[in-house]
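Below: one structure, written as C-alpha cells.
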Amino acid sequence: MLDADFFRRWMTVTAASVEREAERLTALDSPIGDADHGSNLRRGFTAVAATLEKEAPDTPGAVLTLAGRQLISTVGGASGPLYGTLLRRTGKALGDAGEVSEEQLAEALRAGVEAVMTLGGAAPGDKTMIDTLVPAVDALGTGFAAARTAAEQGALATTPLQARKGRASYLGERSIGHQDPGATSAALLIAALAEAAGE
C-alpha cells in the first residue's frame, strides 16, 4: 500500500529530476515552443517540494491536491494548469484514504489524465503530454517500471508527429522531427514515480 510519505517522495524525486533536466526541456521547447518549459517546471516543482516540506499532508490525495494547487499558482504558460489539473484531479480521485493500492493509483491517475485531455482538448497522436501519459497509465497495472518504459517510449514517439495542439501546432509541418517537451517532462514525472517505488 502507498501512503502519504510515498506521494511526498514522488513529488520530491520529480522536483530533483526536473531540476536536473530543465535545460534539456528548454532546449526541446526552443524550436517548437516558447523556450521556457524547463524553467517554468523547475520553478513549479521547486515550489511544490518546498511547500511539502513546510506542510505535511497526511493522505496521498491531499499531497497531490496541494502539489497541483502549487503548480497552478507558480507555473506560467500552459504547463502549470495542465500539470496542476493532472495532480489535483488524481488527488481528488484518491479521496481521503490514508493509504491507496497501486490499482487505485492507476484509476485515479486515469481520471487525472482524462481531466487534462478535457482541459487541453488533446488526444493521443496530437504530440502532447497525453502521448506519454495514456500509455503510462495503461501500463501501470503491470507495475511502475512498465509505466516508466511506456512513458519513455511515448515521449520518443512524438518526434515524427505533427503537432495538433499547443504552441507547436502553429508551426504545422515544421513541428515534425522534434520530440515534444511536454511529453518529455511527463515521462520524467512517471519515471520519478517508479524511482519513488524503488523500481
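Worth knowing before you read on, the calculation uses all heavy atoms, side chains too, and leaves out hydrogens, waters and symmetry mates. Counting from 1, the numbers follow the sequence of the chain as shown.
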From the options L188, T14, L105, select the one residue that forms a side-chain contact (heavy atoms from CB on, under 4.5 Å) with L193.
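Of L188, T14, L105, side-chain contact (heavy atoms from CB on, under 4.5 Å) with L193 is met by L105 alone.
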Only one of R24, M129, H37, R167 forms a side-chain contact (heavy atoms from CB on, under 4.5 Å) with P181, so which one is it?
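Going through the options one by one, the only one that passes is H37.
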Is it true that a side-chain atom of [X] and a backbone atom of [Y] form a donor plus acceptor pair closer than 3.5 Å?
| X | Y | result |
| --- | --- | --- |
| R164 | G125 | yes |
| T74 | Q70 | yes |
| Y170 | G33 | no |
| T85 | L82 | no |
| T132 | A186 | no |
| R9 | A196 | yes |
| K127 | H178 | yes |

Mind checking whether [X] and [Y] sit in one hydrophobic cluster, side chains of I, L, V, M, F, W, Y counted as touching below 4.5 Å?
| X | Y | answer |
| --- | --- | --- |
| I32 | L161 | no |
| V18 | L28 | no |
| L52 | V75 | yes |
| L2 | L64 | yes |

List the steps, then state whether side chain to side chain contact (heavy atoms under 4.5 Å, CB included) holds for D138 with R110.
CA-CA 8 Å; D138 288 345; R110 191 176 299 283; 3.0 Å; yes
Are [X] and [Y] packed together at the side-chain level, in the sense that at least one heavy-atom pair is separated by less than 4.5 angstrom?
| X | Y | result |
| --- | --- | --- |
| L119 | P81 | yes |
| I72 | R88 | yes |
| Y83 | L41 | yes |
| V113 | I130 | yes |

Kindly give the heavy-atom pair with the smallest separation between [X] and [Y], and that separation in Å.
| X | Y | result |
| --- | --- | --- |
| A22 | R42 | CB-NH2, 3.5 Å |
| A146 | A139 | O-CB, 3.7 Å |
| P124 | V134 | CG-CG2, 4.1 Å |
| P57 | L66 | CG-CD2, 3.7 Å |
| D36 | T26 | C-OG1, 4.2 Å |
| D131 | T158 | CB-CG2, 3.7 Å |

Please determine whether side chain to side chain contact (heavy atoms under 4.5 Å, CB included) holds for the pair L189 and M11, giving the CA-CA distance in whole Å, both sets of side-chain angles, and the decisive distance to 0.1 Å.
CA-CA 8 Å; L189 181 74; M11 292 298 103; 4.3 Å; yes
About how many Å separate [atom2] of [Y] and [atom1] of [X], when rounded to the nearest 0.5 Å?
| X | Y | atom1 | atom2 | result |
| --- | --- | --- | --- | --- |
| L109 | T90 | CG | OG1 | 4.5 Å |
| I190 | S17 | CD1 | OG | 11.5 Å |
| T159 | Q179 | OG1 | CD | 4.5 Å |
| W10 | D5 | CH2 | CG | 15.0 Å |
| S79 | L86 | OG | CG | 12.0 Å |

Kindly assign one of parallel, tilted or perpendicular to the pair F6 and F144, based on the angle between their ring planes and the thresholds 30° and 60°.
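F6 and F144: tilted rings.
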Show, in sequence, the C-alpha distance, side-chain angles and deciding distance for L94 and F7, and conclude whether the side chain to side chain contact (heavy atoms under 4.5 Å, CB included) test is met.
CA-CA 12 Å; L94 290 173; F7 284 84; 4.0 Å; yes
Going through the distances and angles, do D34 and N40 end up as a side chain to side chain contact (heavy atoms under 4.5 Å, CB included)?
CA-CA 11 Å; D34 290 329; N40 280 344; over 6 Å; no
Might you confirm whether atom CD of E99 has over 12 heavy atoms from other residues, nucleotides or ligands at distances under 6.0 Å?
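Yes, the 6.0 Å shell around CD holds more than 12 heavy atoms from other groups.
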